[in-house]
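Numbers here simply count residues along the sequence, with the first being 1. These numbers were taken from a predicted model, which means no experiment stands behind them.
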Amino acid sequence: MPTLAAASSRVTARRAAATAQGAEGAVPAERHFPLPVVLAHGLFAVVTLVLVLLTALGIGGS
């Protein structure tokens with residue numbers, strides 16, 4: 001089973017190979033997401049973490 005570190009090193013190697021092949025002007029697909037979508041995703045992540053923390057602490061239970 002591949003680990004996160006192994007996957008990350010493969011991605012880094014692919015980026016280096018792409019740059020070496022003359023793709024300096026290429027923009028990764030991740031850069032095409034609109035900023036409001038990225039910010040909303042981050043906000044939902046923070047809200048989720050806060051709700052999990054509150055649940056784990058037993059705050060707000062009925």
**Study point:** Same apolar cluster: Val37 and Val46, side chain cutoff 4.5 Å
**Key:** no

Check your understanding: More than 12 heavy atoms of other residues, nucleotides or ligands under 6.0 Å from NE2 of His32: is that the case?
Key -> yes

Exercise for review: Measure the spacing between CG of Leu51 and OG1 of Thr55 and express it to the nearest 0.5 Å.
Suggested key: 6.5 Å

Practice item. Starting at CG of Leu54, measure out to CG of Leu49 and round the result to the nearest 0.5 Å. Key: 11.0 Å

Practice item. Please examine the side chains of Leu39 and Leu43, heavy atoms only from C-beta on, and report whether any two atoms are closer than 4.5 Å. Key: no

